[in-house]
2 protein chains.
Amino acid sequence: MSPAKRSTVYDVAREAGVAASTVSRAFSNPRRVGAATREHVLAVAARLGYRPNPLAGALQSGRTATIALLVPDITNPHFFGTIRGAERRAKASGLTFILSNTEESGDNEQRQFERLERSVDGFVLAAGRMSDETTKDLAREHNLALVNRRVDGLPAAIVDDGAGSRQIVEHLASLGHRSLVYLSGPKESWHAAERWRALSTTAAARGLRATRLGPFSPRMESGAAAADAALVDGASALVAHNDLLAIGVLRRLAERGLNVPRDRSVVGYDDIFGADLCVPALTTLAGPHEEAGRMAVELLLERVTLPGTPTRQVVLPAHLVVRDSTGPAPE
Amino acid sequence: MSPAKRSTVYDVAREAGVAASTVSRAFSNPRRVGAATREHVLAVAARLGYRPNPLAGALQSGRTATIALLVPDITNPHFFGTIRGAERRAKASGLTFILSNTEESGDNEQRQFERLERSVDGFVLAAGRMSDETTKDLAREHNLALVNRRVDGLPAAIVDDGAGSRQIVEHLASLGHRSLVYLSGPKESWHAAERWRALSTTAAARGLRATRLGPFSPRMESGAAAADAALVDGASALVAHNDLLAIGVLRRLAERGLNVPRDRSVVGYDDIFGADLCVPALTTLAGPHEEAGRMAVELLLERVTLPGTPTRQVVLPAHLVVRDSTGPAPE
DNA sequence: AGAAGTATGGCAAGCGATTGCCAAAAGTTG
DNA sequence: CAACTTTTGGCAATCGCTTGCCATACTTCT
């Protein structure tokens, strides 16, 4: 496949009349070699089309200049912001950024982790599905930062869904709703637990009845089941684990001849692309997910480059985007 | 960070009373070692928590058991199917799959390529933005397969947009439209060229006037500019480079007080999530993109494992999904 | 001018696997 | 039972780069 063998440090060294170590340093540690020599080496290297083999470097140094982002579902728009933010931040530091899909499974996540552990300098785990214990174990041997998940002692960037969930309840309460259901996400989801906690306590404080149903997988297709379950419950407000589910719910309600927001109010989380395209446009909790992705990489980099730094957990504010899927309670 | 040093082939070898080469072979070439020995080695390895360092292996063997998919924009729903298909196929063969974003730029794509070239066994380029020449050059030294792009002598999985575009024109013609504009995508996009070719020739054959406008970046935000340009042209049917752009166009037309499909018809490409959520629901060309991703990996693997195999270019049929954004021509 | 300090380059030993080659053991065959 | 083939395991070189240590050469200071 490759007729012309790739040139190595040795080829460049020979051609430039220096030692291999000098070539290496000319690339990776410029200040360790004279300016003139360096220039010369670089020129020769360019002429030979030399490019360092990152594998060889990593094998010796243990550093790969690469970080990985593990995401439960790449095609879930919820993660777009996170992905984009993390990627931008990584590239800004000259790091290779790789993205891997864990398919909503903790086992899978761990498997990916193990596959990549030697090939990257650190991991960002978005919405990690592994248990706290497993996560901590892995953190003992590797650099990692979390997004939207809180585990003792690990750096994390977290969108404040607790406060956001309170906003949702207050919004519903102010519209006169007396009851709500939470259509819950995957049971390993830290967010799902967090949201329910905040929803139920705030609901109690405001005198609303709150029920949790599910878990439902956070995709549009689950909307029908979720909507039907909610109708059995009878609550006037449905809070779905995410926008995909919420949109699925909207469709199902329409199918069953109910009008939103007249008969039922529906709220989602994430403010994904499509949330304002559907009819009625979805009321949803928007969060600075791009910022969260950026911040997670930032925290990871702190770990890698300044091992002494105390662990930080950064909380970012969310805000409710009110659209047409919520309205006054019926009757 | 890692208190307990990772164990190596040598540790396992010592502990099991065999040579390092035997340990290596027990993992990577089982049939080359006696069944009993192998069992024993594996047991010891498990006890020591040994896991092969893929970097070290790759350095020597040149094989990484990893493939990369390069995508212009990870957050563009158009690529979801491709990503999913490619990932599934790769995992089915036990390969590590990594995904990288090229941000719609050929230069960026090439840079990513060079960063990863030594770390992967091959590349799948989805909607490659590099020139034919550059692509061929890279293919000389690396295994690669293309999605939705045709370059002489390179394996490719292609959704048949040509035929699809003809369907679009015929659909519009049958509704009485006498003119259309194509709101073009990025100028490096092979698809954009392909689509225009098919649209314009079919239009000519059917006696429609066809104009190309653009390039527009294939995102919702560009919809306003695209719509305005189209209105100046005056054509009754607007064919947008993709659904994102088409949705942007729909919004702009609504803003300007035009009714779709009464005043204008709008067609997109891709049938992304959201195409049937917006109002009016979008008529769009759907393609088997998941299958294309799967197939591209398949072709890549043929190259890697059976170097003799003739290069194949597989064409997959597309079909028009007619929804509410197209209707009879005005007047 | 001599001592002390700094900048620069080379030597060589790794990093942790893979693999070609060889030798011993085991299995076949006439 | 000798001659031959096949299995199985070990030796040691190798992949391409990094880096600790040492030897010069060049500054700087007293």
Side-chain angles (χ1 to χ4, degrees), chain A residues 2 4-42 44-45 48-66 96 114-115 117-121, chain B residues 1-2 4-42 44-45 48-66 96 114-121:
Chain A
S2 4
K5 272 268 206 343
R6 272 246 158 283
S7 37
T8 73
V9 267
Y10 293 105
D11 301 323
V12 177
R14 186 168 358 91
E15 192 71 12
V18 299
S21 47
T22 304
V23 177
S24 169
R25 288 196 269 253
F27 281 89
S28 54
N29 194 358
R31 11 180 323 138
R32 188 58 183 66
V33 56
T37 324
R38 169 146 178 278
E39 203 95 335
H40 177 220
V41 168
L42 260 36
V44 172
L48 265 49
Y50 166 77
R51 266 185 326 251
N53 180 337
L55 263 54
L59 179 56
Q60 166 64 20
S61 69
R63 284 170 283 104
T64 58
T66 303
T96 302
E114 289 172 356
R115 278 212 91 127
E117 63 180 338
R118 320 297 301 259
S119 317
V120 305
D121 290 344
Chain B
M1 200 68 358
S2 5
K5 271 267 205 347
R6 271 245 158 284
S7 38
T8 72
V9 268
Y10 296 103
D11 300 323
V12 177
R14 186 167 358 90
E15 193 71 11
V18 300
S21 46
T22 305
V23 177
S24 168
R25 289 195 269 250
F27 281 89
S28 53
N29 195 357
R31 10 180 324 135
R32 186 59 184 67
V33 56
T37 326
R38 169 145 176 276
E39 205 97 330
H40 177 223
V41 168
L42 259 35
V44 173
L48 266 51
Y50 165 77
R51 268 190 319 258
N53 180 336
L55 265 56
L59 179 56
Q60 165 64 19
S61 70
R63 284 170 284 105
T64 58
T66 302
T96 303
E114 288 172 357
R115 278 212 89 129
L116 292 173
E117 61 178 343
R118 318 298 301 259
S119 316
V120 305
D121 290 343

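So that the names make sense, note that chain A is the first sequence line, chain B the second, and so on, each numbered from 1.
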task: Let me know the distance between CD of A/Gln60 and C1' of D/dG20, rounded to the nearest Å.
output: 10 Å
message: By the definition side chain to side chain contact (heavy atoms under 4.5 Å, CB included), identify the one residue from B/Val12, B/Val44, B/Leu42, B/Val41 that meets it with B/Tyr50.
response: B/Val12
query: Can you tell me if CD on B/Glu114 sees more than 12 non-hydrogen neighbours from other groups inside 6.0 Å?
result: yes
task: Output the residues of residues 29-38 of chain A in contact with DNA chain C, where contact means a heavy atom of the residue under 4.0 Å from an atom of the strand; sort by number or write none.
output: A/Arg32, A/Val33, A/Gly34, A/Thr37
field: Closest approach of B/Ala13 to B/Ala19 (non-hydrogen atoms, all atoms of both residues)
entry: CB-C, 3.7 Å
task: Under 4.0 Å between any heavy atoms, over every strand shown, what does A/Arg118 touch: base, sugar-phosphate, or nothing? Just pick one.
output: nothing
Steps toward side chain to side chain contact (heavy atoms under 4.5 Å, CB included) verdict (B/Leu59, A/Asn53): CA-CA 9 Å; B/Leu59 179 56; A/Asn53 180 337; 4.3 Å; yes
- prompt: Taking only side-chain nitrogens and oxygens of A/Ser24, does any of them come within less than 4.0 Å of OP1 or OP2 of D/dC17?
  reply: no
Residue of the set A/Val18, A/Val23, A/Val33, A/Thr22 for which side chain to side chain contact (heavy atoms under 4.5 Å, CB included) holds with A/Arg38: A/Val33
- prompt: When the nearest nucleotide of DNA chain D is assigned to A/Ser61 and to B/Gly17 on a heavy-atom basis, which residue is associated with the more 5' position?
  reply: B/Gly17
- request: Give one of base, sugar-phosphate or nothing for B/Pro54, where a contact means two heavy atoms less than 4.0 Å apart.
  value: nothing
query: Checking side chain to side chain contact (heavy atoms under 4.5 Å, CB included) for the pair B/Leu116/B/Thr66: CA distance, chi angles, key distance, verdict?
result: CA-CA 10 Å; B/Leu116 292 173; B/Thr66 302; over 6 Å; no
query: Which heavy atom in A/Ala58 sits nearest to a heavy atom in B/Leu55, and how many Å separate them?
result: CB-CD2, 3.2 Å
message: Counting the atoms with a prime plus P, OP1 and OP2 as sugar-phosphate, which does A/Val23 contact under 4.0 Å by heavy atoms, base, sugar-phosphate, or nothing?
response: nothing
message: Categorize A/Phe27 for me: base, sugar-phosphate, or nothing, with a 4.0 angstrom heavy-atom threshold over every strand shown.
response: nothing
- prompt: Would you say the side chain of A/Leu48 lies within less than 4.5 Å of the side chain of A/Glu15, judging by non-hydrogen atoms?
  reply: yes
message: So, does A/Ser21 get its side chain near the phosphate of D/dT18, meaning an N or O under 4.0 Å from OP1 or OP2?
response: no
task: Nearest whole angstrom, please: distance from the P of D/dG9 to the CD of B/Glu39.
output: 13 Å
message: For chain A and DNA chain C, what are the first and last nucleotides along the strand, 5' to 3', with at least one atom under 4.0 angstrom from a heavy atom of the protein chain?
response: C/dT8 to C/dG16
query: Of A/Tyr10 and B/Ala19, whose closest DNA chain D nucleotide lies nearer the 5' terminus?
result: B/Ala19
- prompt: D/dG10 base to B/Arg25 side chain: any donor-acceptor pair below 3.5 Å?
  reply: yes
statement: Smallest heavy-atom separation, B/Gly49 atom then B/Arg6 atom, equals O-NH1, 3.8 Å
- prompt: Can you tell me how far P of D/dC17 sits from CG of A/Leu55, to the nearest Å?
  reply: 11 Å
